[in-house]
Amino acid sequence: MKFDTLQQGISFYENYARISGFDTRSYSTKKRKSNGKISLKYCVCNKEGFRETPRLQSNCKKKGPITRTGCNARITLKLIHDQDNYIIFSFHEGHTHPLTTPNFAHHTK
């Protein structure tokens with residue numbers, strides 16, 4: 001798919017996530033050195049990765065539930081150099097956790 005702006009691509013993935021039953025978060029951005037434009041944008045499932053070790057230690061005051069499960073679901077948006085449009089460069093659909101059912105969708109952001 002092709003998007004006129006980066007925000008359109010991000011909104012597309014957020015809508016897809018909401019319908020599918022998961023939340024997203026921004027993971028990483030890469031910019032071109034020549035003009036500062038964002039060349040790659042990674043959006044991932046909010047359960048991607050694992051929590052940092054210091055937060056899991058018992059002396060940490062802000063301990064919360066473990067919400068990251070190492071999920072690999074993500075999308076990568078890439079800038080087309082000569083057109084200033086963005087395309088879906090990669091898409092990984094597989095989740096390592098159950099998705100939210102419509103009855104519990106109000107618990108997502």
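Between the CG atom of Asn85 and the NZ atom of Lys2 there is a distance of 5.0 Å, given to the nearest 0.5 Å. Between the NZ atom in Lys78 and the CD1 atom in Ile38 there is a gap of 15.5 Å [rounded to 0.5 Å]. Put simply, NZ on Lys37 and OH on Tyr86 are 7.5 Å apart, with the number rounded to the nearest 0.5 Å. Of the inter-residue distances, the one linking Ile87 atom CD1 with Thr76 atom OG1 reads 10.5 Å to the nearest 0.5 angstrom. Interatomic distance, CD of Glu14 versus CD1 of Ile75, reported as 10.5 Å (0.5 Å rounding). To the nearest 0.5 angstrom, Tyr13 atom OH is 14.0 Å from Met1 atom CE.
Between the side chains of Lys30 and Ser39, no donor-acceptor pair of N or O atoms lies under 3.5 Å.
Between Leu40 and Leu77, every side-chain heavy-atom pair lies at or beyond the 4.5 Å cut-off.
Geometric assessment of Arg74 against the ring of Tyr27 yields a positive cation-pi assignment under the 6.0 Å and 45° thresholds.
Around CZ of Phe89, the count of heavy atoms belonging to other residues, nucleotides or ligands within 6.0 Å does not exceed 12.
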Exercise for the section: Report the C-alpha distance between Tyr16 and Glu93 in whole Å, list the side-chain angles of each, state the deciding distance to 0.1 Å, and finish with yes or no for side chain to side chain contact (heavy atoms under 4.5 Å, CB included). Expected result: CA-CA 11 Å; Tyr16 165 77; Glu93 188 176 9; 3.5 Å; yes

Exercise for the section: Show the numbers, then the answer: is there a side chain to side chain contact (heavy atoms under 4.5 Å, CB included) between Tyr42 and Thr29? Expected result: CA-CA 6 Å; Tyr42 301 91; Thr29 303; over 6 Å; no

Problem - Worked check of side chain to side chain contact (heavy atoms under 4.5 Å, CB included) between Ile88 and Phe3 - result: CA-CA 9 Å; Ile88 296 176; Phe3 305 99; 3.7 Å; yes

Problem - Stepwise side chain to side chain contact (heavy atoms under 4.5 Å, CB included) check, Ile10 with Lys41 - result: CA-CA 9 Å; Ile10 293 169; Lys41 177 72 174 179; 4.0 Å; yes

